[in-house]
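Chain letters run A, B, ... following the sequence lines, proteins first and then strands; every chain starts at 1.
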Amino acid sequence: MYRSYKKLAVLITCCLTASLLQAQQVDLFKMQDSANKATDKTITAGPVINTFYSTRLVNAHTVEITGPGSMDFRINHRFSPVNQGLYELFGLDGASFRFGFDFGIAKDLMIGVGRTTYNKEYDGFIKYRLMHQSTGAGAMPLSIAVLGSAMYKTIDLDTSLKATATDRLTYVLQLMIARKFNEHTSVQISPTLTHYNRIIGFTGGSSDMLSIGFLARQKVSKRISINAEYFWQANRFNGTYDPLSIGVDIQTGGHVFQLHFTNSIGMNEHAFIHETTGSWGNGAVRWGFNISRIFNISSKNKKGNW
Amino acid sequence: MKQIITILLLALAMTGDLHAQKIFGTRNGKIGFISPTDDDVKAVNNEVSSRISDNGQITFSLLIKGFRFKYAEMQDHFNDQYLESTKFPRADFKGMITNLGDINFSKDGTYKAIVKGDLLMHGVTKNVLVNGVIEIKGGKPSVKASFVIVMKDFKIDAANVTDKVTIEINCQYQ
């Protein structure tokens with residue numbers, strides 16, 4: 001008898017639970033809210049994008065890497081110094097430029113080639129991002145990239161110099177350490193080592209030169225930033241100055257227009273860092289612009305994949 | 001003993017009457033978008049969380065960073081400048097099926113559904129009306145729908161890219 005009472009109790013409980021279940025419909029909206037709340041903590045994790053708008057600030061490389069499968073066609077243009085007066089239309093009559101093609105190879109790897117008017121130089125580089133600043137658990141505080149580049153002068157040199165092909169080569173090794181502090185402000189420091197196989201056209205200095213670059217960008221709107229770039233040289237050629245450039249980036253999606261004033265004529269590493277003969281002090285500043293246009297050249301991305 | 005049988009029968013009758021709420025969910029639903037004017041402007045997110053219930057509720061939640069583009073640069077611009085995914089990491093939809101009577105979740109078939117609800121994106125909530133199709137197959141629903149949103153409605157300043165995009169939803173529920 002006692003046993004059946006126990007069974008009875010169980011049954012009653014079951015019935016009550018069943019009717020309770022019926023009354024309590026699950027509210028998907030509340031479910032969604034609590035699920036969202038739970039994922040909120042992990043949501044911000046990920047790499048920090050757009051430390052800089054482009055892979056170059058003015059002349060110098062930034063920690064940014066061209067996306068894999070993309071080709072970046074870049075035109076850098078510098079006019080003559082503005083202190084040449086009206087006769088030269090404040091420098092606009094003269095021109096020096098570099099055009100180049102950069103290729104994104106992998107997520108953190110890019111290469112590029114280019115050709116500069118100054119000394120009729122060809123250059124090639126490889127840039128690898130060692131570390132990507134990120135947020136969330138295990139966040140990286142900095143982005144770090146390394147650049148190796150080689151430049152080759154093809155300009156006719158005085159035959160008395162007896163310059164060989166190796167003499168015309170210059171190498172640069174650069175480390176880039178950057179941090180995006182917030183949506184607006186990013187800063188980069190670039191210790192740079194330049195090796196001249198032979199110094200041609202300059203006196204003083206040495207065949208191994210050390211410099212440290214300081215790059216900064218301050219966004220003033222979603223698509224416009226103000227940039228500054230300065231390289232301090234530990235040792236220098238006679239009659240050269242530290243390069244200082246101040247400019248504006250205008251980002252239009254696919255294109256980046258960079259307008260600036262700089263005292264450098266060169267646009268590849270060794271030329272703009274160590275061979276800047278103009279001085280801001282006497283107005284030997286040039287107006288210049290860079291245009292970057294990204295093309296997608298990868299065949300991996302098929303159309304209609306969704 | 002007689003009592004027990006009575007109660008047992010009563011309980012059975014009650015449970016038979018019970019209409020258990022059916023909830024279906026997925027964590028890898030697909031939501032994509034494409035610009036009607038520039039078919040390069042398109043992306044897809046394969047990690048959409050969504051639930052649907054036979055009480056008429058339907059929800060979607062996704063991370064803006066989960067949209068994959070053809071161009072890495074475009075994806076960066078999308079996150080950084082247009083959707084500002086650091087500030088507004090998530091898009092969220094909560095809606096009700098307005099013609100619930102036309103849909104039988106326990107019978108295989110294809111049903112037209114009209115869903116009305118709130119879409120939260122880029123920090124802006126807007127009421128939208130979406131026409132879609134619910135297909136029940138083997139007791140499991142799938143949802144297909146497409147609708148157009150105007151970027152300006154969500155305070156997304158993408159005028160130099162596209163004014164509006166077509167959103168395409170494709171979710172298979174378990």
Side-chain angles (χ1 to χ4, degrees), chain A residues 1 4-5 7-8 11-12 14-15 18-19 21-22 24-33 35-36 39-40 42-50 53 64-70 72 104 107 135 182-183 221-223 251-254 256 292 294-296 298 300-306, chain B residues 1 3-4 7-8 10-11 14-15 17-21 23 25 30-32 34 39-40 42-46 49-53 55 57-61 63 65 68-82 84-87 89-90 92-94 157-158 160-161 168 170:
Chain A
M1 200 54 197
S4 38
Y5 273 126
K7 270 186 197 163
L8 188 74
L11 275 167
I12 290 170
C14 283
C15 292
S19 45
L21 268 177
Q22 188 184 25
Q24 260 191 346
Q25 286 267 326
V26 178
D27 187 343
L28 289 197
F29 296 169
K30 281 183 186 151
M31 220 164 150
Q32 168 116 319
D33 285 340
N36 284 351
T39 53
D40 266 348
T42 55
I43 215 164
T44 50
V48 169
I49 54 167
N50 271 335
Y53 277 138
E64 296 294 330
I65 302 282
T66 302
S70 293
D72 184 7
K107 193 165 79 60
T135 52
N182 53 46
E183 265 314 296
S221 86
K222 258 192 260 179
R223 291 186 193 88
Q251 158 75 274
T252 63
V256 181
S292 156
I294 309 266
F295 296 91
N296 189 62
S298 165
K300 262 195 292 181
N301 303 296
K302 290 180 187 77
K303 282 205 164 187
N305 52 358
W306 53 277
Chain B
M1 199 58 194
Q3 271 178 317
I4 294 172
I7 287 170
L8 199 74
L10 197 71
M14 275 184 81
T15 43
D17 207 21
L18 252 184
H19 168 241
Q21 182 193 5
I23 299 171
K30 265 189 188 183
I31 292 185
I34 186 162
D39 66 2
D40 270 344
K42 71 168 185 179
V44 65
N45 189 324
N46 290 320
S49 284
S50 177
R51 287 193 189 87
I52 185 166
S53 166
N55 70 1
Q57 287 183 315
I58 180 161
T59 61
F60 295 91
S61 175
L63 295 183
K65 275 187 182 153
R68 299 282 167 255
F69 284 71
K70 194 164 122 186
Y71 302 89
E73 279 76 15
M74 217 182 246
Q75 190 169 318
D76 279 358
H77 297 156
F78 168 80
N79 279 295
D80 196 50
Q81 291 167 38
Y82 302 127
E84 299 175 90
S85 63
T86 333
K87 235 198 284 180
R90 197 198 328 266
D92 186 288
F93 177 83
K94 292 187 186 107
D157 179 16
N160 55 353
V161 184
E168 309 230 350
N170 193 343

Participant: Taking all atoms of both residues into account, what is the closest heavy-atom pair of A:V26 and B:Q21, and its distance?
Facilitator: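 Smallest heavy-atom distance, with atoms named: N-OE1, 2.6 Å.
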
Participant: Suppose we screen for salt bridge (charged side-chain N to carboxylate O under 4.0 Å, His left out). Which residues come up paired with A:K222, at least two apart in sequence or across chains?
Facilitator: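 So A:K222 forms a salt bridge (charged side-chain N to carboxylate O under 4.0 Å, His left out) with B:E84.
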
Participant: Go through A:I49, A:V48, A:D27, A:L28 and name the one with the most non-hydrogen pairs under 4.5 angstrom from chain B.
Facilitator: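 Heavy-atom pairs under 4.5 Å are most numerous for A:L28.
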
Participant: Of all heavy-atom pairs between A:F29 and B:I58, which one has the smallest distance, and what is that distance?
Facilitator: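 Result for this residue pair: CE2-O, 4.0 Å.
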
Participant: Please name the pair of heavy atoms, one in A:G67 and one in B:A72, separated by the smallest distance, quoted to 0.1 Å.
Facilitator: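 Looks like CA-CB, 3.9 Å.
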
Participant: What's the shortest heavy-atom distance between B:S61 and A:N36, and which atoms?
Facilitator: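 That closest heavy-atom pairing would be OG-OD1, 2.9 Å.
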
Participant: So for B:F78, is it side chain, backbone, both, or neither that comes closer than 4.5 Å to the heavy atoms of chain A?
Facilitator: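 Looking at B:F78, nothing touches chain A.
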
Participant: Can you tell which part of B:N46 gets under 4.5 Å to a heavy atom of chain A, answering side chain, backbone, both or neither?
Facilitator: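 No part of it gets close to chain A.
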
Participant: Donor-acceptor pair, distance only, cut-off 3.5 Å: does the side chain of B:E73 make one with the backbone of A:T66?
Facilitator: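 Not a single qualifying donor-acceptor pair exists.
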
Participant: Only pairs of heavy atoms separated by less than 4.5 Å count here; which of B:I23, B:N55, B:D92, B:N79 has the most with chain A?
Facilitator: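 Counting heavy-atom pairs under 4.5 Å, the top option is B:D92.
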
Participant: Might you work through the side chain to side chain contact (heavy atoms under 4.5 Å, CB included) test for A:M31 and B:T59, ending with a clear yes or no?
Facilitator: CA-CA 9 Å; A:M31 220 164 150; B:T59 61; over 6 Å; no

Participant: If only atom types and distance count, is the side chain of B:Q81 paired as donor or acceptor with the main-chain N or O of A:R223 below 3.5 Å?
Facilitator: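 Judged by distance alone, no pair lies under 3.5 Å.
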
Participant: Tell me, please, which residues at least two apart from A:D33 pass salt bridge (charged side-chain N to carboxylate O under 4.0 Å, His left out).
Facilitator: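 With neighbours one apart ignored, the set is B:K94.
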
